Amino acid sequence: EAGVAQSPRYKIIEKRQSVAFWCNPISGHATLYWYQQILGQGPKLLIQFQNNGVVDDSQLPKDRFSAERLKGVDSTLKIQPAKLEDSAVYLCASSSTAANEKLFFGSGTQLSVL
Amino acid sequence: QKEVEQNSGPLSVPEGAIASLNCTYSDRVSQSFFWYRQYSGKSPELIMSIYSNGDKEDGRFTAQLNKASQYVSLLIRDSQPSDSATYLCAVNPPKTSYDKVIFGPGTSLSVIP
């Protein structure tokens, strides 16, 4: 079974530039999550999709962050413009629709904003 | 009060000892609890889930849940250097109609050979 695919693995940009991350969840997983993990902290949920609908984006900085999940499969997360404090690892995870299902994480994208 | 709290550590234990990791959560009616392990530079991976009060054992790992005290712990018996990692406690709060997983800040564990 293929895991959660994410790209790119690393990204270095300057502040005020834009960046996009891509995620392809495990086949058949309806729920897709984007987490932000700052060094030394636990993952913080940015946005959660159920199929192609957003069920939680309460902690997404909507003035600069956007995300979409077209056709209920893969997803992109965009930051525009980036700030220094956006430097973090962006983790994509997926789970099936069953309650209490575990999350499967991708390898993450490490973003450095200079 | 943060939703999920953990001692940040680092926690150091000698090889072969028992490592005890603790977690408290704020929402009294939370129902699902998870422990994830995260090696440095890697993504989290689930090692234990627990839903009912009491103990749940899986190999060298035991999860303990006390909903009245809003407390969940993870015991690692016969600790090995390969257990050195950050352990993330995660909770699925019941307020929402969908499954939402909230992570704690993690506890760094170092097993000394």
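Per chain, numbering begins at 1; letters A, B, ... match sequence-line order. Every heavy atom of this structure was used, including side-chain atoms; hydrogens, water molecules and symmetry mates were not. Since the model is a prediction, treat every value here as computed from it, not as a measurement.
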(request) State yes or no: do A:Phe49 and A:Phe21 share one hydrophobic cluster built from I, L, V, M, F, W and Y residues joined by side-chain heavy-atom distances below 4.5 Å, directly or via other members? (result) yes

(message) A side-chain contact here means heavy atoms from C-beta on lying under 4.5 Å apart; do B:Pro44 and A:Leu91 qualify?
(response) yes

(request) Count the heavy atoms belonging to other residues, nucleotides or ligands that lie under 6.0 Å from CG of A:Leu114, then report whether that count exceeds 12. (result) yes

(message) Can you tell me which portion of A:Gln37 sits under 4.5 Å from chain B's heavy atoms? Options are side chain, backbone, both or neither.
(response) side chain

(message) Please classify the contact of B:Gln38 with chain A as side chain, backbone, both or neither, using a heavy-atom distance under 4.5 Å.
(response) side chain

(request) Would you mind telling me which of A:Pro43, A:Gly42, A:Gly108 has the largest number of heavy-atom pairs within less than 4.5 Å of chain B? (result) A:Pro43

(message) Let me check something: do B:Ile112 and B:Tyr39 share a hydrophobic cluster, defined by ILVMFWY side-chain heavy atoms less than 4.5 Å apart, either directly or through other members?
(response) no

(message) Tell me whether B:Tyr36 contacts the main-chain N or O of A:Leu103 through its side chain, where contact means a donor paired with an acceptor under 3.5 Å.
(response) yes

(request) May I ask whether B:Tyr25 and B:Met48 are part of the same hydrophobic cluster, defined by side-chain heavy atoms of I, L, V, M, F, W, Y residues being less than 4.5 angstrom apart, directly or through others? (result) yes

(message) If hydrophobic clusters are built from ILVMFWY residues whose side chains come within less than 4.5 Å, do A:Val55 and A:Leu60 share one?
(response) no

